[in-house]
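To start, the structure itself, in structure tokens.
We use all heavy atoms of the structure for the numbers below, so side chains are in, but hydrogens, waters and symmetry mates are not.
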Amino acid sequence: MRSKPRLFRRLLVANRGEIAVRVIRACRDLGIETVAVFSDADRCAMHVHFADVAVRIGPAPATESYLVIDRIMDAARQTGAEAIHPGYGFLAENAEFAARCEKAGLVFVGPPPAAIAKMGDKVTAREVMKNAGVPVVPGSEGVLQEEKEVLAVAQALGYPVVLKASAGGGGKGMRLVADPGEIKSALRAVRSEAKTAFGDDRIYLEKFVVGPRHVEFQILADRHGHTIHLFERECSVQRRHQKVIEESPSPALDAKMRAEMGAVAVKAAASVGYVGAGTIEFLVGADRSFYFLEMNTRIQVEHPLTELVTGVDLVKAQIEIAAGFPLALRQDQITQVGHAIECRVYAEDPVSFFPSPGKIEELQVPGGTGIRNDSGVYQGAEVPVHYDPMISKFLAWGRNRDEALARMARGLAEYRVRGVATNLPFHRWVLSHPRFRSGQYDTNFVSEEYHGLEGATADGGGELAQVAAIAAALAAWGRRKQGSETARGQRQADASRWRDQARREAVRE
């Protein structure tokens with residue numbers, strides 16, 4: 001006889017930054033004690049202050065701290081944690097980590113290791129979905145080894161095609177190939193990037209979908225055979241295949257298409273015995289065809305959008321499911337109310353998008369009706385060189401898309417950060433662009449429309465140019481003030497180290 005479910009007494013959060021803070025807050029709502037883990041670079045981080053207990057797990061590099069399974073497991077044993085929440089990035093989609101938790105008698109707040117393994121390998125995931133009757137993008141049958149194989153499949157599919165890493169994710173290990181002459185260099189680049197980022201250089205090929213939109217469906221599934229979707233998020237505003245602005249509902253879907261895609265998403269998750277929160281991602285073509293892209297077997301960065309339009313606390317639901325409770329809601333009880341938009345605010349140059357680590361000397365976060373800000377930093381905090389430079393996920397909700405856009409524009413105008421460069425000017429530019437405001441955009445929007453300050457100014461972004469000029473002047477003044485050769489050398493070393501870490505750690509989606 002199965003024992004009655006109960007919530008955990010203490011849970012360890014195996015992550016950092018805003019997602020660690022988000023999980024800790026959900027645990028507080030549930031009356032669960034929390035354990036934070038931290039590297040030397042995060043000793044004074046917000047998630048460390050928020051948790052009931054904090055444990056040091058190593059030096060600053062993630063490869064020596066947040067990615068070391070043994071150190072996470074030791075911290076859980078030392079503190080008496082009963083469960084581990086992996087957040088997103090780092091070990092969140094690591095089947096070995098999930099299996100180690102199970103073996104140690106700890107509850108992994110996520111899907112079974114087998115589901116992670118199946119859906120983490122893109123080639124295997126394609127086969128699983130095809131067998132389940134889920135539409136997939138036309139592509140190669142399995143992994144491709146030799147250049148001649150790639151050329152033959154590309155010829156059969158017709159150009160353009162996309163070379164992808166089998167273990168890829170977060171926009172890494174992907175190259176668009178327009179003709180046979182680009183195959184050799186693209187193959188070499190994808191394999192190199194995949195080997196560095198994922199330790200796996202296997203590749204496959206897909207047909208490029210013309211004018212694609214990236215639309216994903218949020219899934220929840222319990223251990224009692226219930227699987228539901230919580231509608232979609234539009235994620236087509238991307239930079240180098242990485243999401244920067246998302247919204248829900250998608251401007252591209254009508255009620256019929258939404259229902260059809262939602263049913264397919266539930267079918268896809270159920271076919272692999274999924275448990276917990278996950279996301280089924282689709283490419284939607286200009287002809288309104290849609291194809292399975294991948295499954296993310298974890299909570300997504302952009303999950304607050306779904307929370308705003310459905311009223312469901314996804315992280316709380318994750319924890320309750322992991323503890324053995326059945327889903328409290330059925331599909332017909334889930335509704336979308338209003339419209340929400342999310343901007344990912346990063347410490348990075350708004351033109352080059354190069355990271356801008358440093359101390360946040362001033363932070364003024366907007367408020368007011370319909371505004372939400374999920375953050376893991378505070379005024380006076382450091383944005384370390386070692387990790388993804390997210391400052392916050394800034395969201396606006398409205399009764400309709402126009403109201404959400406107006407509130408987001410107002411919020412972005414109020415948002416102030418001093419001490420590090422940010423991509424706030426970029427977000428202001430997107431929100432003012434006619435193509436975005438019309439809702440008629442796809443994944444090519446940023447690459448086609450945004451050309452740094454010049455492109456933004458040409459589209460009426462005078463305020464953007466002014467803000468960027470002031471930021472550049474402040475940065476130059478700061479460099480002159482610090483001004484020694486040693487300091488400049490250290491910054492160059494830090495920048496180089498950031499690039500190396502970014503290649504090794506697929507933390508951002």
Rounded to the nearest 0.5 Å, what separation is found between the CZ atom of Arg344 and the CG atom of Asp388?
8.5 Å
Evaluate side chain to side chain contact (heavy atoms under 4.5 Å, CB included) for Tyr378 paired with Ile360, printing each intermediate quantity in order.
CA-CA 7 Å; Tyr378 52 89; Ile360 298 175; over 6 Å; no
Side chain Lys393, main chain Val301, donor-acceptor under 3.5 Å:
yes
Stepwise ring-ring contact (aromatic ring centres under 6.0 Å, His included) check, Phe353 with Phe426:
CA-CA 10 Å; Phe353 295 109; Phe426 168 78; 5.3 Å; yes
Working to the nearest 0.5 angstrom, can you tell me the gap between Ile24 CD1 and His49 NE2?
11.5 Å
Side chain to side chain contact (heavy atoms under 4.5 Å, CB included) assessment of Thr422 paired with Ile391:
CA-CA 9 Å; Thr422 74; Ile391 291 175; 3.8 Å; yes
Worked check of salt bridge (Lys or Arg N to Asp or Glu O under 4.0 Å) between Arg126 and Glu206:
CA-CA 11 Å; Arg126 279 174 55 87; Glu206 283 184 348; 3.0 Å; yes
Could you measure the distance from the CD atom of Glu33 to the CZ atom of Phe8? Nearest 0.5 Å is fine.
14.0 Å
By salt bridge (Lys or Arg N to Asp or Glu O under 4.0 Å), Arg191 pairs with (sequence neighbours left out) none
List the atom pairs, with distances to 0.1 Å, where a side-chain N or O of residues 99-106 and a protein N or O form a donor-acceptor pair under 3.5 Å, not counting sequence neighbours.
{"from": "Arg100", "atom 1": "NH1", "to": "Asp70", "atom 2": "OD1", "distance (Å)": "3.4"}
{"from": "Arg100", "atom 1": "NH2", "to": "Asp70", "atom 2": "OD1", "distance (Å)": "2.5"}

Residues Asp40, Arg56: salt bridge by 4.0 Å N-O rule:
yes
Just one of Ile219, Ile228, Ile280 clears the side-chain contact (heavy atoms from CB on, under 4.5 Å) bar with Val266, so which one?
Ile219
For Leu11 and Cys27, which heavy atoms make the closest approach, and how far apart are they?
CD2-SG, 3.9 Å
Test salt bridge (Lys or Arg N to Asp or Glu O under 4.0 Å) on Arg416 and Glu362; report intermediate values, then the result.
CA-CA 8 Å; Arg416 294 287 182 271; Glu362 182 182 339; over 6 Å; no
Validation row: Asp42, Ser39 side chains within 4.5 angstrom (heavy atoms)
yes
Donor-acceptor check, side chain of His214 to backbone of Gln238, threshold 3.5 angstrom: yes or no?
no
Student check: side-chain heavy atoms of Phe50 and Arg25 closer than 4.5 Å:
yes
Is it the case that Gln300 and Arg298 place a side-chain donor and acceptor less than 3.5 Å from each other?
yes
Is there a ring-ring contact (aromatic ring centres under 6.0 Å, His included) between Tyr66 and Tyr387 once you walk through the steps?
CA-CA 10 Å; Tyr66 296 106; Tyr387 317 115; 5.6 Å; yes
Under 3.5 Å, is there a donor-acceptor pair between the side chain of Asn423 and the main chain of Tyr346?
yes
Any side-chain heavy-atom pair from Thr369 and Arg407 closer than 4.5 angstrom?
yes
Which atom pair, heavy atoms only, marks the closest approach of Ala317 to Leu220?
CB-CD1, 3.9 Å
Shortest non-hydrogen contact from Val109 toward Pro86
O-CD, 3.4 Å
Keeping the roles fixed (side chain from Ser352, backbone from Asp349), state whether a donor-acceptor pair exists under 3.5 Å.
no
Do side-chain atoms of Asp52 reach the backbone of Thr34 as a donor and acceptor pair under 3.5 angstrom?
yes
Is any NZ, NE, NH1 or NH2 atom of the basic residue among Asp74 and Arg71 found under 4.0 Å from an Asp or Glu carboxylate oxygen of the other?
no
Please examine the side chains of Val264 and Phe282, heavy atoms only from C-beta on, and report whether any two atoms are closer than 4.5 Å.
yes
Student check: side-chain heavy atoms of Leu424 and Leu412 closer than 4.5 Å
yes
Do Arg418 and Glu361 meet the salt-bridge criterion of a basic N to acidic O distance under 4.0 Å?
yes
Can you tell me which residue among Glu246, Lys243, Glu302, Arg213 is in a side-chain contact (heavy atoms from CB on, under 4.5 Å) with Glu234?
Arg213
4.5 Å side-chain heavy-atom contact, Arg16 and Pro384
yes
Do His229 and Gln218 have side-chain atoms, one donor and one acceptor, less than 3.5 Å apart?
no
Is Leu395 close to Ile341 at the side-chain level, that is, under 4.5 Å between some pair of heavy atoms?
no
Just by distance, do the side chain of Asp201 and the backbone of Lys195 share a donor-acceptor pair under 3.5 Å?
no
Hey, is the main chain of Ser192 close enough, under 3.5 Å, to the side chain of Thr196 for a donor-acceptor pair?
yes
Run Ser248 and His339 through side chain to side chain contact (heavy atoms under 4.5 Å, CB included) and show every step you take.
CA-CA 6 Å; Ser248 181; His339 198 99; over 6 Å; no
Below 4.5 Å, heavy atoms only, C-beta onward: do Ile334 and Phe231 meet side chain to side chain?
yes
Nearest-0.5 Å distance that lies between atom OG in Ser65 and atom CD1 in Ile57
5.0 Å
Can I get a per-line list of side-chain donor-acceptor pairs under 3.5 Å for residues 305-315, giving both atom names and the distance, sequence neighbours left out?
{"from": "Thr306", "atom 1": "OG1", "to": "Arg233", "atom 2": "NH1", "distance (Å)": "2.7"}
{"from": "Glu307", "atom 1": "OE1", "to": "Arg22", "atom 2": "NH2", "distance (Å)": "3.3"}
{"from": "Glu307", "atom 1": "OE1", "to": "Arg372", "atom 2": "NH1", "distance (Å)": "3.0"}
{"from": "Glu307", "atom 1": "OE1", "to": "Arg372", "atom 2": "NH2", "distance (Å)": "2.9"}
{"from": "Glu307", "atom 1": "OE2", "to": "Arg22", "atom 2": "NH2", "distance (Å)": "2.6"}
{"from": "Glu307", "atom 1": "OE2", "to": "Leu314", "atom 2": "N", "distance (Å)": "2.9"}
{"from": "Thr310", "atom 1": "OG1", "to": "Thr306", "atom 2": "O", "distance (Å)": "2.6"}
{"from": "Thr310", "atom 1": "OG1", "to": "Val312", "atom 2": "N", "distance (Å)": "3.3"}
{"from": "Asp313", "atom 1": "OD1", "to": "Arg22", "atom 2": "NH2", "distance (Å)": "2.8"}
{"from": "Asp313", "atom 1": "OD1", "to": "Val315", "atom 2": "N", "distance (Å)": "3.2"}
{"from": "Asp313", "atom 1": "OD1", "to": "Lys316", "atom 2": "N", "distance (Å)": "2.9"}

Go through the side-chain N and O atoms of Ser392 and Tyr415 and say whether any donor and acceptor fall under 3.5 Å apart.
yes
Can you check whether Ser250's main-chain N or O pairs, donor with acceptor, with Glu232's side chain at less than 3.5 Å?
yes
Take Lys122 and Lys164, measure what side chain to side chain contact (heavy atoms under 4.5 Å, CB included) needs, and give me the verdict at the end.
CA-CA 9 Å; Lys122 301 302 182 285; Lys164 292 187 174 183; over 6 Å; no
So, for His386 and Ala60, which heavy atoms are closest and what is the spacing to 0.1 Å?
NE2-CB, 3.3 Å
Test log, rule side-chain hydrogen bond (donor to acceptor under 3.5 Å, both in side chains), inputs Gln379 and Gln364:
CA-CA 8 Å; Gln379 186 167 307; Gln364 179 180 308; over 6 Å; no
A cation-pi test, strictly: NZ or CZ of Arg6 under 6.0 Å from the centre of the six-membered ring of Phe325 and no more than 45 degrees from its axis. Yes or no?
no
Look at the side chain of Asp222 and the backbone N and O of Ile321, then say whether any donor-acceptor pair between them is shorter than 3.5 Å.
no
Can you check whether Asn296's main-chain N or O pairs, donor with acceptor, with Thr279's side chain at less than 3.5 Å?
no
